[in-house]
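I have a structure I would like to understand better, so I am pasting it below and will then ask my questions one at a time.
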Amino acid sequence: MTIPKKLLLLLLISTSMQVWAQAAFTGLDLTPARSKVELRALEILKEDLKSEYPIMRMHAIEVVADSKQMSLMSEVTKMLDDEFEPVRFAAVLAIGDTNYSAASYTLKKHKNDPAKSVQVAIAYVLTKFKIEDDHSDIINATLSDDQTVKANAALVVGKLGDKTLSVFLHKILQDPKAQDKAKIQAIESLAMLKDPSSFQKGWALLISKRADDRIMGIRVMEHLNSRDATNAIRTMYHDNLIEIQMAAAASLCRLGDSDGPIRVYQYFRDEIGKLDSDTKSRTNIQATIGLGYCKDKIFDKYLKKMLKDKTPSTRLYAAQAVLIRAKLPEKQHYQH
């Protein structure tokens, strides 16, 4: 029996839709075939999601989100039951950052998580997904006396992108009881919201004596992504710590500025072999993150080497770089 062409077409469309529906439900990855390097990167990522060390699980979740590995989001969702609070917090943020709405029902079941920071993160995601309006929960958390809750609330305010909430970030900065971690997060979140006051506050971080503050200053300028902010990041090439220089280079790489890849290349070609092991480990992480935004084949050998590095964190961020790099256009057009 001959099947009419219109009926055959309808059958093909129906079958195709069933396949994609099943893929969406099961988390099946229908992206084109991956290279051996990508497959190795995925192996590393999957291993670290199951690491015995909570800090590695947390960072692995962040890498899943940053590299948009949607096929692994079902595994991330399961980590809402992790015994370690920062892991659960990272899992919730990953769901929001990747717009993984398939986890909405599961999130609602975890609204009474014992950790207030996790509750605030869930409020952010449910508000972002327009499932609930939990603005009041987030605002109240910015007023908390618990400094970790206050800092995490400031973070989700920035992620939510609602500029009308910037007043609560300014309140954190004016609060004499607020600790540095909450204030610095408030500054970063103001930069996410493109608040004009964040440039000077970010500049103050760039000239701080503390290395962690200077890295946060770089992040603030990256969020602002203006000509003045980019130039401020470039000034960190003169920092006395090479890991800060590489953090600046990685930031410029993410912004598509040609200075970033040039500086990363100089590091791998000329400087990496001159560092002591501790400095090398810290700097490799920053430089490897930058590699994710350097598409030129000249970087291939460095990325493959970092995938085999003896330091687990370097291998994880090399995996991130591979997976992000695979999604970049073949020809990059850098800003100058």
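Since the model is a prediction, treat every value here as computed from it, not as a measurement.
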* Under the salt bridge (Lys or Arg N to Asp or Glu O under 4.0 Å) rule, what do Arg325 and Glu38 come out as? Steps first, then yes or no, please. => CA-CA 10 Å; Arg325 198 168 178 255; Glu38 288 176 69; over 6 Å; no
* Is a donor on one side and an acceptor on the other found under 3.5 Å between the side chain of Asp175 and the backbone of Lys171? ->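 Checking the backbone N and O of Lys171 against the side chain of Asp175, no donor-acceptor pair under 3.5 Å is found.
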* Hey, are the side chains of Glu132 and Lys111 touching, using non-hydrogen atoms and a 4.5 Å cut-off? ->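 When only atoms from C-beta onward are counted, Lys111 and Glu132 do touch, with a gap below 4.5 Å.
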* Check Gly202 against Val220 and note the closest heavy-atom contact, atom names and distance. =>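 Here Gly202 and Val220 meet closest at CA-CG1, 3.7 Å.
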* **Presence of salt bridge, Lys181 and Asp212, under 4.0 angstrom** =>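 No, no charged N to carboxylate O under 4.0 Å.
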* Asked: Which ring-ring contact (aromatic ring centres under 6.0 Å, His included) pairs, counting each pair once, include a residue from residues 235-289, with sequence neighbours left out?
  ->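 Applying ring-ring contact (aromatic ring centres under 6.0 Å, His included) to every pair that reaches into residues 235-289, excluding sequence neighbours, yields Phe268-Tyr302.
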* Ignoring hydrogens and angles, tell me if any N or O in the side chain of Gln245 forms a donor-acceptor pair with the backbone of Asp239 under 3.5 Å. =>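 Flag set: sc Gln245 to bb Asp239 pair under 3.5 Å.
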* Can you tell me if NZ on Lys108 sees more than 12 non-hydrogen neighbours from other groups inside 6.0 Å? ->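 Open: at most 12 neighbouring heavy atoms sit under 6.0 Å from NZ of Lys108.
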* Locate the shortest heavy-atom distance separating Ala247 from Ile215; write the atom from each residue and the value. =>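 Smallest interatomic distance, heavy atoms only, reads CB-CG1, 4.3 Å.
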* **Cluster check Met306, Ile298: I/L/V/M/F/W/Y, side chain < 4.5 angstrom** =>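 Yes, same cluster.
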* Are Leu316 and Ile55 connected in the hydrophobic side-chain network, where two residues link if heavy atoms are under 4.5 Å apart? ->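 Result: yes, single cluster for both.
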* Asked: Is Arg57 reaching over with its side chain to a backbone N or O of Asp48, donor-acceptor style, under 3.5 angstrom?
  ->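 Checking the backbone N and O of Asp48 against the side chain of Arg57, no donor-acceptor pair under 3.5 Å is found.
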* To do: Please confirm whether the backbone N or O of Lys68 pairs with a side-chain atom of Lys327, one donor and one acceptor, at under 3.5 Å?
  =>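 A pair under 3.5 Å: yes.
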* Could you go step by step and tell me if Arg254 and Ile289 meet the side chain to side chain contact (heavy atoms under 4.5 Å, CB included) rule? -> CA-CA 9 Å; Arg254 283 191 293 270; Ile289 290 172; 3.2 Å; yes
* To do: Give, for atom CG of Leu205 and atom CD1 of Ile218, the distance between the pair rounded to the nearest 0.5 Å.
  =>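 The CG atom of Leu205 sits 10.5 Å away from the CD1 atom of Ile218.
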* Asked: Just how far is it from atom CZ of Arg88 to atom CD1 of Ile122, taken to the nearest 0.5 Å?
  ->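 The CZ atom of Arg88 sits 9.0 Å away from the CD1 atom of Ile122.
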* **Cluster check Leu143, Leu160: I/L/V/M/F/W/Y, side chain < 4.5 angstrom** =>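 Hydrophobic grouping puts Leu143 apart from Leu160.
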* **Whether Thr127 side chain and Asp134 backbone form a donor-acceptor pair below 3.5 Å** =>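 Such a contact is found between Thr127 side chain and Asp134 backbone.
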* Cys253 side chain reached by Cys294 side chain, heavy atoms, under 4.5 Å ->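 Touching, per the 4.5 Å side-chain cut-off.
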* Asked: Counting only heavy atoms not in Lys159, do more than 12 fall under 6.0 Å of its NZ?
  ->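 Correct, the count exceeds 12.
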* With no hydrogens and no angle check, is any side-chain donor or acceptor of Thr142 less than 3.5 Å from a backbone partner on Ile139? ->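 Confirmed, Thr142 side chain pairs with Ile139 backbone.
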* Between Lys177 and Asp145, is the closest basic N to carboxylate O distance under 4.0 Å? ->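 Salt bridge flag = no for Lys177 with Asp145.
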* **Residues Ser51 and Glu47: side-chain donor-acceptor under 3.5 angstrom** =>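 Result is no, nothing qualifies.
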* To do: Start with the C-alpha distance between Val92 and His110, add both sets of side-chain angles, then the distance that settles side chain to side chain contact (heavy atoms under 4.5 Å, CB included), and finish with yes or no.
  => CA-CA 10 Å; Val92 177; His110 285 79; over 6 Å; no
* To do: Report the C-alpha separation of Asp195 and Ser198 in whole Å, then their side-chain angles, then the decisive distance to 0.1 Å, and conclude whether the side chain to side chain donor-acceptor pair (under 3.5 Å) test is met.
  => CA-CA 6 Å; Asp195 187 289; Ser198 58; 5.2 Å; no
* To do: State whether the side chain of Gln69 and the backbone N or O of Ser67 hold a donor-acceptor pair below 3.5 Å, judged by distance alone.
  =>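 At least one qualifying donor-acceptor pair exists.
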* Do Val87 and Tyr53 share a hydrophobic cluster, counting only Ile, Leu, Val, Met, Phe, Trp and Tyr and linking them when any side-chain heavy atoms are less than 4.5 Å apart? ->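 Val87 clusters together with Tyr53.
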* Side chains of Asp228 and Ser226: is there a donor and an acceptor less than 3.5 Å apart? ->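 There is no such pair between these side chains.
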* Asked: Between the side chains of Asp146 and Ser144, is a donor N or O closer than 3.5 angstrom to an acceptor N or O?
  ->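 On atom types as modelled, these side chains do not qualify, holding no pair under 3.5 Å.
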* Does Lys150 reach the side chain of Gln147, with side-chain heavy atoms less than 4.5 Å apart? ->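 Yes; the side chains approach each other to less than 4.5 Å.
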* To do: Could you tell me which non-hydrogen atom of Leu126 sits nearest to which non-hydrogen atom of Ser104, and how far apart they are?
  =>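 Answer, listing the atom of Leu126 first, then Ser104: CD2-O, 4.3 Å.
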* Taking side chain as C-beta onward, heavy atoms only, is Asp278 less than 4.5 Å from Arg282? ->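 Yes, side chains in contact.
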* Could you grab the distance from atom CG of Asp309 to atom OG1 of Thr288, nearest 0.5 Å is fine? =>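 So the CG of Asp309 and the OG1 of Thr288 are separated by 7.5 Å.
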* Step-by-step side chain to side chain contact (heavy atoms under 4.5 Å, CB included) determination, Ile233 to Leu255 -> CA-CA 11 Å; Ile233 294 172; Leu255 292 174; 4.0 Å; yes
* To do: Walk me through it: do Asp113 and Phe89 pass the test side chain to side chain contact (heavy atoms under 4.5 Å, CB included)?
  => CA-CA 10 Å; Asp113 187 282; Phe89 181 77; over 6 Å; no
* Non-hydrogen side-chain atoms of Gln320 and Leu45 separated by less than 4.5 Å ->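 Sidechains of Leu45 and Gln320: no contact.
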* Asked: Looking only at heavy atoms, what is the nearest atom pair of Ala153 and Val120, with distance?
  ->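 Heavy atoms of Ala153 and Val120 come nearest at CA-CG1, 4.0 Å.
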* For Ala41 against Ala319, the heavy-atom pair lying closest together ->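 Taking Ala41 first and Ala319 second, the nearest heavy atoms are O-CB, 3.5 Å.
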* **Arg214 and Leu241, any side-chain heavy atoms less than 4.5 Å apart** =>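 Side chain of Leu241 against side chain of Arg214, heavy atoms only: contact under 4.5 Å found.
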* Is Thr164 close to Val167 at the side-chain level, that is, under 4.5 Å between some pair of heavy atoms? ->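 No - every pair of side-chain heavy atoms lies 4.5 Å or more apart.
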* Look up atom CE in Met58 and atom CG in Asp82, then write down how far apart they are to the nearest 0.5 Å. =>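 Nearest 0.5 Å value for the CE-CG distance: 11.0 Å.
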* Between CD of Glu243 and CD of Gln286, what distance do you get to the nearest 0.5 Å? ->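 The CD atom of Gln286 is 8.0 Å from CD of Glu243, to the nearest 0.5 Å.
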* Asked: Short question: side chain of Gln119, backbone of Asn112 - any donor-acceptor pair under 3.5 Å?
  ->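 Looks like no, no N/O pair under 3.5 Å.
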* **Arg40 and Glu43: CA distance, side-chain angles, deciding distance, salt bridge (Lys or Arg N to Asp or Glu O under 4.0 Å) verdict** => CA-CA 5 Å; Arg40 176 56 188 145; Glu43 285 176 9; 3.1 Å; yes
* Please answer: with hydrophobic residues joined when any side-chain heavy atoms are less than 4.5 Å apart, are Ile95 and Ile131 in the same cluster? =>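 Same cluster.
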* Ignoring hydrogens and angles, tell me if any N or O in the side chain of Arg315 forms a donor-acceptor pair with the backbone of Lys310 under 3.5 Å. =>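 Yes; judged by distance alone, with no hydrogens or angles, the pair exists.
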* Rounded to the nearest 0.5 Å, what's the gap from CG on Leu49 to CD1 on Ile44? Could you check? =>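 It is 12.0 Å, given to the nearest 0.5 Å.
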* **Atom CD of Gln174 with >12 non-hydrogen neighbours under 6.0 angstrom** =>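 Result for CD/Gln174: enclosed.
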* Asked: Taking atom types as modelled and ignoring hydrogens, do the side chains of Lys128 and Asn99 form a donor-acceptor contact shorter than 3.5 angstrom?
  ->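 Asn99 and Lys128 do have a side-chain donor-acceptor pair below 3.5 Å.
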* To do: Search all heavy atoms of Asp97 against all heavy atoms of Tyr124 and return the closest pair with its distance.
  =>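 Looking at all heavy atoms of both residues, the shortest contact is OD1-OH, 3.2 Å.
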* Glu85 side chain to Ala115 main-chain N or O, any donor-acceptor pair under 3.5 Å? ->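 Looks like no, no N/O pair under 3.5 Å.
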* Check: Met79 and Val64 side chains under 4.5 Å, non-hydrogen atoms ->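 Side chain of Val64 against side chain of Met79, heavy atoms only: no contact under 4.5 Å found.
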